[in-house]
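Below you'll find the structure, written out as structure tokens, and then a few comments.
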Amino acid sequence: MTAAGPPSDAALAEFVYREARLLDEKRFDEWYELFTEDARYWMPLTRGQPDGETHTSLFYEDKLLLRVRIERLRSPNAFSQQQPSFCQHVLQRPGVEEIDVAANRFVVRTPFMYLETRLDTQHVLAGLAWHHLTSIAGMLRIRLKKIELLNCDAALPSIQLLL
Amino acid sequence: MQHYRDNPQAIRALVRPDAVHRDVYLDPELFELEMEQLWRKTWIYVGHDSQVPNAGDFYTTLIGREPVILLHDAEGAVRVLPNRCAHKGTKLVSAVQGRCAGGALRCPYHGWTYKLDGTLRTVPLRGGYQGTGFETAEASRGLPQITSTNYRGFVFARLAPEGPGFGEYFGDSLSSIDNMVERSPEGRLEVAGGVLRYLHDCNWKMFVENLNDAMHPMVAHESSAGTAKRLWEQTPPGTPMPMVIEQFVPFVNGYDFFEKMGVKVYDHGHSYTGVSFSIHSSYASVGEYERRMVEAYGEERTRRILGEARHNTVYYPSLTIKGAIQAIRVARPLAVDRTLIESWTFRLAGAPQEMLARTTTYSRLINAPTSVVGHDDLHCYRSIQEGLACASNPWVSLHRNHSPAESGSLAGTYGATNEVPMRGQYRAWAQYMTLGMPEARS
């Protein structure tokens with residue numbers, strides 16, 4: 001973004017594509033830097049869940065918990081990753097839902113499929129990703145990434161990487 | 001090939017005082033027998049009465065493989081009924097929860113209706129059954145009653161008409177439920193915060209054994225809790241400790257801590273760790289909550305209630321509870337190598353919202369399919385499931401602190417790194433797997 005105005009739809013979409021790519025390529029430190037200090041990475045457990053405190057979530061991570069995940073994935077003692085998992089995001093075109101320049105708030109909605117694989121076992125998940133973005137010093141940052149999993153109420157296997 | 005059916009001697013031979021044979025985790029026939037024997041003749045957790053607060057409210061689940069309905073009847077009691085129309089077997093309700101329309105259960109196929117106590121109310125064109133023998137057949141009797149007990153909100157059922165009584169089966173282990181309930185200033189729990197459903201590709205017993213296994217956290221959870229601890233140690237001094245750190249860090253306490261917390265063992269496979277203290281003992285106090293507790297119970301009793309910080313209580317074989325954090329986990333066996341673990345959380349009636357936030361945070365961190373703690377636990381269970389294919393050693397060791405003199409009841413208090421809770425579970429397993437089975441083929 002420049003002083004010329006708010007980010008274009010194309011720039012917002014590009015940001016979402018890049019964010020997914022960083023996860024797929026396991027460039028976790030760069031990915032982590034996309035989040036504001038007060039950011040949340042949230043995957044509710046039910047449809048229409050109002051918050052992450054009075055109800056359990058699948059993820060409700062602040063930056064500290066994201067850092068724990070990233071560091072753990074590098075630990076030689078992360079036994080469930082001794083045969084590592086890999087993931088692939090397949091995104092539909094991100095749609096800009098809200099541009100509020102005064103509030104410095106941009107909301108993007110992206111339908112996705114997500115595949116996570118570990119040796120012979122592959123799981124497919126799908127849902128909607130909501131990116132609540134803000135611009136800091138001309139760079140887009142994530143305030144909230146909310147992932148609405150299509151089968152959030154299903155009995156799920158281990159989901160070991162980040163959607 | 002059939003080895004174990006009608007062969008109680010062969011089943012008992014799988015359980016040594018200090019070891020258990022790998023077949024208990026691997027053999028599909030034993031799994032079938034578990035569903036027919038152990039999961040029918042013991043008391044299985046069905047649900048909590050707060051899930052069905054009003055007349056006609058239902059919640060559906062499985063006991064072993066049998067679909068059942070937890071139902072709030074017209075008289076205010078909570079019943080457990082088979083979810084099977086007496087006519088052709090259609091499940092009467094298929095939603096997970098809801099309310100019966102018109103105060104009756106109505107089959108979606110041919111419209112037979114049942115009262116909320118399970119008796120058959122109406123059958124369309126009933127005249128067609130005259131003189132057919134219907135009146136003396138099973139179908140005319142409605143839904144068979146299932147023996148159940150509502151213990152302070154926790155509803156258990158025993159599918160088999162005969163078996164141990166509820167009080168006899170659980171005995172003093174029920175004190176863990178008492179403590180969980182008394183942690184509410186109103187003496188009441190409500191299911192809240194949803195249910196995590198985590199598919200485990202392992203035998204159900206590995207999960208249940210792990211709940212009182214105090215020798216694994218410092219090893220299996222080093223990468224998660226240990227990482228959290230290291231990151232915390234790098235923060236500037238004076239930073240207030242986040243709740244998630246408070247919950248993670250005790251998992252990597254040393255052997256000494258886990259040994260000294262103690263384990264209490266009861267008959268019939270039940271036990272709890274955390275007799276003296278536990279990983280839940282050092283959570284920051286919530287002032288408003290304690291004020292309300294003191295108001296309800298007085299200083300001394302409040303201190304006694306909150307002084308109990310039991311870790312996991314195992315209500316063998318289906319339920320494990322954490323009273324101190326108001327979370328429970330329920331094992332639902334699906335196949336010999338497949339188990340659904342449900343994690344439910346509770347609101348302490350009359351307590352501030354902050355207490356529920358602590359509960360949901362804990363359950364997410366530890367019990368979710370996305371949990372970095374859960375991942376390593378399940379990885380180890382799955383590894384056992386695969387590793388036991390090695391025929392060179394068919395025995396799983398449960399020797400830790402075993403005394404060759406150990407016989408009779410194992411009830412008592414021990415150091416918590418003792419494998420005695422597992423030895424107790426397998427005694428109960430052998431007992432209920434063979435209960436009522438005809439003895440010895442010659």
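In what follows, chains are A, B, ... by sequence order, proteins preceding strands, each numbered from 1. The figures that follow rest on heavy atoms only: side chains count, while hydrogens, waters and symmetry mates do not.
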Exercise. Are Arg72(A) and Glu222(B) within salt-bridge range, i.e. N to O under 4.0 Å?
Worked result: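 The answer is no: the pair does not qualify as a salt bridge.
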
Taking side chain as everything from C-beta outward and backbone as N, CA, C, O, which of these in [X] sits under 4.5 Å from a heavy atom of chain B? Side chain, backbone, both or neither.
X	result
Ser57(A)	both
Ser80(A)	both
Asp153(A)	backbone
Leu156(A)	both

For this session: Select, from Ser75(A), Ala155(A), Pro157(A), the one with the greatest count of heavy-atom pairs under 4.5 Å involving chain B.
Result: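 Going by pairs under 4.5 Å, I would pick Ala155(A).
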
Expected output: side-chain [X] to main-chain [Y] donor-acceptor under 3.5 Å:
X	Y	result
Thr56(A)	Gly193(B)	yes
Arg364(B)	Phe59(A)	no
Asn77(A)	Ser223(B)	no

Quick one: does [X]'s side chain get under 4.5 Å of [Y]'s, heavy atoms only?
X	Y	value
Leu65(A)	Leu365(B)	yes
Leu58(A)	Pro369(B)	yes
His55(A)	Thr360(B)	no

Between [atom1] of [X] and [atom2] of [Y], what distance do you get to the nearest 0.5 Å?
X	Y	atom1	atom2	result
His123(A)	Leu199(B)	NE2	CG	9.0 Å
Glu53(A)	Glu354(B)	CD	CD	9.5 Å
Asp376(B)	Gln81(A)	CG	CD	9.0 Å
Asp201(B)	Ser158(A)	CG	OG	7.5 Å

Exercise. Which pair of non-hydrogen atoms, one from Leu356(B) and one from Thr54(A), has the smallest distance, and what is that distance?
Worked result: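 Shortest heavy-atom contact: CD2-O, 3.4 Å.
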
Problem set entry | Nearest non-hydrogen partners of Pro242(B) and Leu64(A), listed with the distance |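 Closest heavy-atom pair between Pro242(B) and Leu64(A): CG-CD2, 3.9 Å.
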
Identify which part of [X] has an atom lying under 4.5 Å from any heavy atom of chain A, answering side chain, backbone, both or neither.
X	value
Thr345(B)	side chain
Val244(B)	side chain
Val195(B)	backbone
Phe248(B)	side chain
Leu196(B)	both

Problem set entry | Residue, of Ser224(B), Ala368(B), Ser363(B), that accumulates the most heavy atom pairs under 4.5 Å with chain A |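 Maximum pair count with chain A is reached by Ser224(B).
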
For this session: Between chain A and each of Ser383(B), Ser371(B), Gly194(B), count heavy-atom pairs under 4.5 Å; write down the option with the most.
Result: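 Option with the top pair count is Gly194(B).
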
Could you tell me whether [X] atom [atom1] has more than 12 heavy atoms of other residues or ligands within 6.0 Å of it?
X	atom1	value
Arg382(B)	CZ	yes
Arg93(A)	CZ	no
Arg99(B)	CZ	yes

